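To start, the structure itself, in structure tokens.
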Amino acid sequence: MSKPADDDRFARRDLGKGAYVDYAARWLDEADGTALLAALIDGQAWSEVEIRAGDKTVVQPRLTAWAGELPYRYSGQTLDPRPVSAALRPLWERVVEDTGVDYNHAVLNYYRNGDDNMGMHADDEPQLGTNPTIAAVSLGAVRRFVLRPKGKKRYWVRYQLAHGSLLVMGGTTQHRWYHGVPKQPTTAEPRINVTFRRLLSPPDSGSGP
Ligand SMILES: O=C(O)CCC(=O)C(=O)O
């Protein structure tokens with residue numbers, strides 16, 4: 001059993017067929033979260049990342065930064081290795097401690113306002129192997145996070161991801177469900193999400209589904 005299941009700060013939602021989400025709304029103290037948000041906005045190298053979507057190349061509607069010793073390949077592009085910044089390291093150590101997963105890669109998503117968003121997708125790249133556990137810290141504006149089972153269009157699970165929250169997707173979630181962050185045009189404030197993954201191999205020699 002994963003660590004959050006034994007930790008009463010987390011509420012577990014069983015999504016069925018081996019998929020689950022653990023959510024701790026107040027995982028970080030509010031002031032610590034606010035300081036971290038400012039430090040990450042200033043302390044990361046933010047880029048507009050281009051990805052392949054069908055036969056088109058599109059710029060993702062948000063800014064991206066990342067860290068990790070292995071390249072990470074998704075949506076037709078590769079994030080080359082980058083060192084962990086001083087601002088990110090303590091957060092990383094705390095996530096590893098509280099989830100019991102030895103993450104080796106982080107993607108930071110900077111939603112400048114409610115127009116920035118993330119489309120529905122699954123973190124099911126071969127590099128992540130079978131049933132990866134993905135941990136995501138939210139800082140700043142509260143944004144809606146939605147999950148939908150693959151193959152069903154009308155069934156949604158929704159979270160309002162709070163400032164300082166930690167959400168962990170585990171079990172079969174990446175194989176059976178999509179997730180995303182829709183536009184919220186009335187939101188003016190920025191949000192940063194830091195998503196931790198464990199890459200099992202470099203992109204070209206990936207094993208798994
Ligand atoms: O911003 C979020 O909460 C979601 C991030 C996400 O889905 C991802 O990085 O794959």
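For clarity, every value in this text was computed on a predicted model and none was experimentally measured. Each ligand, and each atom within it, is numbered from 1 in the order the structure gives.
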| Okay, side chain of Gln174, backbone of Asp123: is any donor-acceptor separation there less than 3.5 Å? | yes
| Taking the inter-plane angle between the rings of Phe196 and Trp92 on a 0 to 90° scale, is it parallel (under 30°), tilted (30 to 60°) or perpendicular (over 60°)? | perpendicular
| query | In terms of side-chain heavy atoms, does Ser138 have a donor or acceptor partner in Arg191 at a distance below 3.5 Å? | reply | yes
| query | Short list, please: which atoms of ligand 1 are under 4.0 Å from a heavy atom of Val181? | reply | 1 (O), 2 (C), 3 (O), 4 (C)
| query | In terms of residue, atom name and distance, what is the protein heavy atom nearest to atom 6 (C) of ligand 1? | reply | Met118 SD, 3.2 Å
| said: For Leu161 and Val181: C-alpha separation, side-chain torsions, deciding distance, then whether side-chain contact (heavy atoms from CB on, under 4.5 Å) applies. | reply: CA-CA 10 Å; Leu161 293 183; Val181 178; 5.7 Å; no
| said: Take a 6.0 Å sphere around NZ of Lys150 and say whether it holds more than 12 heavy atoms from other residues, nucleotides or ligands. | reply: yes
| query | Between Trp156, Tyr159, Phe145, which is the residue that forms a ring-ring contact (aromatic ring centres under 6.0 Å, His included) with His179? | reply | Phe145
| task | Within a distance under 4.0 Å of any heavy atom of Asn109, pick out the atoms of ligand 1 and give their elements. | result | 5 (C), 9 (O)
| said: Please report whether ligand 1 has a polar contact with Ser138, defined as an N or O pair separated by less than 3.5 Å (distance criterion only). | reply: no
| query | Is Val107 near ligand 1, meaning one of its heavy atoms is under 4.0 Å from it? | reply | no
| query | Under 3.5 Å, side chain of Gln127 to main-chain N/O of Ser201, donor-acceptor pair present? | reply | yes
| task | Number the atoms of ligand 1 from 1 as they appear, then name those within less than 4.0 Å of a heavy atom of Tyr111, with their elements. | result | 1 (O), 2 (C), 4 (C)
| message | Please classify the Leu167 to ligand 1 contact at 4.0 Å (heavy-atom distances, strictly less than): side chain, backbone, both or neither. | response | neither
| task | Identify, for atom 5 (C) of ligand 1, the protein heavy atom at the shortest distance, and state residue, atom and that distance. | result | Asn193 OD1, 3.5 Å
| Given Arg143, Met120, His179, Arg191, which has its nearest heavy atom closest to atom 3 (O) of ligand 1? | Arg191
| So with a 6.0 Å cut-off around CD of Gln160, is the heavy-atom count from everything else above 12? | yes
| Hey, which atoms in ligand 1 end up nearer than 4.0 Å to a heavy atom of Asp123? | 10 (O)
| Atoms of ligand 1 less than 4.0 Å from Arg197 heavy atoms? | 8 (C), 9 (O), 10 (O)
| said: Is it the case that the side chains of Glu125 and Tyr72 hold a donor-acceptor pair, with the cut-off being a distance below 3.5 Å and no angle test? | reply: yes
| field | Subset of ligand 1 atoms that lie under 4.0 Å from at least one heavy atom of Leu161 | value | 3 (O)
| Which bit of Arg144 gets closer than 4.0 Å to ligand 1, counting heavy atoms only: side chain, backbone, both or neither? | neither
| request: Give the residue, atom name and distance (to 0.1 Å) of the protein heavy atom nearest atom 10 (O) of ligand 1. | output: His121 NE2, 2.9 Å
